[in-house]
Amino acid sequence: MTTSRTRRASALAVVALTSTLALAACGSGDDAAPAATNSAGVALITGGKLKACTHLSYKPFEFKEGSKVVGFDVDLMDLVAKKLGVEQEVVDIEFATITSGAAFAAKKCDAGYGATTINDKRKQAISFSDPYFDSTAALITKKDSGVTDLASLKGKKIGVQTDTTGQEFAEKEKGANGFTPVVFDDLPTQLAAVLAGRVDAAINDNGPLLDYVKDNPTTAVVKEFDTGEQYGLMFKKDANGQKLTELTNEVLKAAVADGSYNTIYKKWFGVDAPK
């Protein structure tokens with residue numbers, strides 16, 4: 001049974017390193033400039049900017065409207081940038097380079113986001129903010145597919161997005177349910193494969209999937225799985241990154257208290273954030 005999106009946010013209870021050398025070799029200009037310290041005592045890669053890495057597209061958390069990157073995560077990071085007295089600059093980059101810490105080591109960004117689940121493996125490489133969102137995994141399929149749950153996928157193919165907890169979940173469940181995971185680089189190609197019939201279903205976080213079915217009525221979210229996941233914003237795992245993490249936690253707590261978190265939540269999900 002599909003559940004309401006209101007289950008998915010909380011009120012804020014308040015893998016291997018990839019391509020590091022290659023990323024560093026590509027650095028030039030602003031990326032190679034000395035860090036600039038702002039009034040909050042946080043060193044940023046570029047003065048006047050909070051460079052935030054993400055991997056597009058993951059609607060409604062981060063995606064493009066025209067030439068502008070927008071979304072729930074983007075708006076939250078704007079609050080952090082405002083606290084620092086700077087502008088946010090979004091950098092589109094491979095997701096694994098953020099969660100592995102490689103993008104931070106190569107000075108591509110000061111912060112990162114991407115509806116990213118906090119887990120112990122990722123904590124070894126990066127610093128996470130306090131949880132700002134509760135996540136549920138979901139199964140999407142075409143309405144005429146006959147797929148209703150994982151068991152009904154026996155002998156069939158399921159699309160997963162690389163380097164995500166959805167992929168990990170599918171790998172754990174494939175033996176018991178007899179399906180074959182097919183890996184895609186990003187959410188749009190994963191969902192396009194469902195529409196084209198190249199896979200029989202796909203698994204990802206319920207937020208973008210519930211958003212997708214609104215615009216694609218031949219598809220449906222047929223099952224959700226309470227995996228107990230929570231999202232966090234990401235920072236470099238060092239002393240300066242810890243400062244930025246702590247400042248972000250203060251911003252998030254203040255946003256819940258003054259109602260701005262709820263305003264942003266309602267903007268992107270159409271309902272009030274649960275208390």
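Everything numeric here is computed off the predicted structure, so don't read it as measured data.
Side chain to side chain, Glu229 and Thr165 meet the donor-acceptor criterion of an N or O pair below 3.5 Å. With 3.5 Å as the limit, one finds a donor-acceptor pair spanning the side chains of Trp268 and Asp75. Between the side chains of Ser129 and Thr248, no donor-acceptor pair of N or O atoms lies under 3.5 Å. Defined by atom type and a distance below 3.5 Å, a donor-acceptor pair is missing between the side-chain atoms of Thr117 and Asn119. Under 3.5 Å, the side chains of Glu171 and Gln167 contain no donor-acceptor pair of N or O atoms.
You'll find the side chain of Phe95 stays beyond 4.5 Å of the side chain of Asp186, heavy atoms only. Side-chain atoms of Asp163 and Thr99, non-hydrogen and from C-beta on, never get closer than 4.5 Å to each other. For the pair Lys83/Val251, a side-chain contact is recorded, criterion being any heavy-atom separation below 4.5 Å from C-beta on. Within the 4.5 Å cutoff, the side chain of Leu153 has heavy atoms near those of the Leu139 side chain. Phe128 has its side chain out of reach of Leu233: every pair of non-hydrogen atoms, C-beta onward, lies at least 4.5 Å apart. Between Ile158 and Thr180, the closest side-chain pair of non-hydrogen atoms is not below 4.5 Å.
For Lys243, the NZ atom sits in a loose shell: 12 or fewer heavy atoms of surrounding residues, nucleotides or ligands are nearer than 6.0 Å. For Lys157, the NZ atom sits in a loose shell: 12 or fewer heavy atoms of surrounding residues, nucleotides or ligands are nearer than 6.0 Å. Open room surrounds CD on Glu87; 12 or fewer heavy atoms of other groups in view lie less than 6.0 Å from it.
A cation-pi arrangement is absent between Lys172 and Phe169 under the rule of less than 6.0 angstrom and at most 45 degrees off the ring axis.
Taking the six-membered ring where tryptophan is involved, the planes of Tyr132 and Tyr231 are tilted, since the angle between them lies from 30° to 60°.
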**Asked** Do Phe269 and Phe133 pass the ring-ring contact (aromatic ring centres under 6.0 Å, His included) test, and can you show the C-alpha distance, the side-chain angles, and the key distance before you say yes or no?
**Response** CA-CA 12 Å; Phe269 302 112; Phe133 207 96; 5.5 Å; yes
**Request:** Go through the steps to decide whether Tyr113 and Phe61 satisfy the test ring-ring contact (aromatic ring centres under 6.0 Å, His included), and finish with yes or no.
**Result:** CA-CA 9 Å; Tyr113 49 75; Phe61 291 90; over 10 Å; no
